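Contents: one structure, followed by commentary.
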Amino acid sequence: MFNLDYSLEKASLEAKLFNVVDVPVEPPTHLVDQFGMPLDCDNPKTQLVYRTDTGQHLGTTRNSYKSLQPTEFLDAVWKSLSGTGVDLGKIEYKDWGNRIAFRVPLGKKGFRNSAGEWDERDNFLEFRTGFGGSAQTSVGTYEYRQICTNGMMGWDFTRAFASKHTTRMNAKALHYIGEIHKVLQNIDKVDELYESLDKIKITSKQVDEFARTMVGVDLDAKRDEIPKKTWKRLEGLLESLDIELPRSGSTAYGLLQGATHYTNHNHSLASNEFVSVGTGAKFNSKAQSLVLDMVA
């Protein structure tokens with residue numbers, strides 16, 4: 001019965017998936033020159049990538065690209081998780097059109113931050129892949145932060161490895177998926193990182209420098225020298241920092257959480273997709289790099 005239940009769960013996930021087709025672009029055969037003679041056209045050596053369920057065009061790629069089918073991806077994820085103690089019945093499926101993910105809950109982690117708040121996060125193992133040449137196959141940890149007051153939660157995604165799609169690299173990407181132990185080590189590393197950042201106090205000047213650097217404003221620029229759109233972004237980020245620092249602490253950790261609050265709450269495009277695979281994800285990654293540079 002145990003195995004049957006998991007078989008049914010996998011079948012349920014498979015029913016949600018789609019196929020991807022790579023369609024080679026052939027050179028035109030009907031072109032003629034000014035004298036009416038057929039032209040010998042060069043082969044463009046490209047192909048178009050489509051979803052078969054919706055017909056969505058996922059991208060235009062070189063002919064060396066080969067789509068990794070969602071069912072093949074799921075098979076590799078399922079195989080890598082079998083025997084690890086993970087509850088396969090709790091796998092979540094995410095579909096963002098040209099990217100998909102399978103997310104597995106790994107439990108909670110937390111510590112008491114310098115502001116005296118218990119800072120708890122739900123941790124997940126996440127397998128991602130994409131289609132159309134612009135996305136990679138990657139595996140990493142994903143987290144929801146519970147402290148946010150309005151119900152939305154902060155996040156961080158740490159990739160343990162990633163691989164682009166080609167005929168040769170797809171097999172390598174699927175092999176990487178099986179190396180789960182590398183990813184799980186990231187959770188402990190993130191805990192250590194957060195607790196070390198929580199011990200590093202920051203000044204109001206550093207807060208302003210952080211915010212200006214994040215939105216691309218010169219540190220000495222005056223209000224009338226900053227474009228209105230950029231100033232609005234700066235105000236939004238500073239507002240998030242004003243909210244987050246009192247509950248996370250006036251620390252490097254607080255700076256990082258202020259940035260994730262902005263992408264989750266104050267940014268005009270704030271959404272799950274925005275912070276998972278959109279430009280919000282890049283903004284959060286930039287914040288982490290900048291905080292680490294500031295305290296190095």
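For clarity, every value in this text was computed on a predicted model and none was experimentally measured. Sequential numbering from 1 along the given sequence is applied to the chain's residues.
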Within 6.0 Å of NZ in Lys286, more than 12 heavy atoms from elsewhere: yes
For the pair Arg51 (side chain) and Leu58 (backbone), establish whether a donor and an acceptor sit closer than 3.5 Å, ignoring hydrogens and angles. no
Distance check, rounded to the nearest 0.5 Å: Leu68 atom CG versus Ile100 atom CD1? 8.0 Å
Quick check: does any side chain N or O of Ser67 sit under 3.5 Å from a backbone N or O of Val20, one acting as donor and the other as acceptor? no
Looking at Leu245, is its backbone amide N or carbonyl O close enough to the side chain of Ser248 to form a donor-acceptor pair, meaning the two atoms are under 3.5 Å apart? no
Donor-acceptor under 3.5 Å (Tyr262 side chain, Gly236 main chain): no
A quick test of your reading: do over 12 heavy atoms of other residues, nucleotides or ligands sit less than 6.0 Å from NZ of Lys79? no
Ring pair (Phe, Tyr, Trp, His ring centres under 6.0 Å) with Phe111: of Trp118, Tyr253, Tyr194, only one passes, and it is Tyr253
Is Glu126 salt-bridged to Arg128, going by a charged N under 4.0 Å from an acidic O? yes
Pair Phe131, Phe18 - check ring pair (Phe, Tyr, Trp, His ring centres under 6.0 Å), show working. CA-CA 12 Å; Phe131 315 95; Phe18 51 89; 5.6 Å; yes
Contacts satisfying ring pair (Phe, Tyr, Trp, His ring centres under 6.0 Å) that involve residues 32-63 (not counting sequence neighbours) are Tyr50-His57
Is the shortest distance from a Lys or Arg side-chain nitrogen in Asp122 or Arg145 to a carboxylate oxygen in the other one below 4.0 Å? no
When you compare the side chains of Ser240 and Glu244, does any donor N or O come within less than 3.5 Å of an acceptor on the partner? no
Distance-only side-chain donor-acceptor flag, Asp198 / Asn113, under 3.5 Å: no
So among Asp218, Thr230, Asp220, Val217, which one has a side chain to side chain contact (heavy atoms under 4.5 Å, CB included) with Arg212? Val217
Just by distance, no angles: are the side chains of Gln257 and Thr260 close enough, under 3.5 Å, to form a donor-acceptor pair? yes
Any idea which heavy atoms bring Glu225 and Pro227 closest together, and the distance? O-CD, 3.9 Å
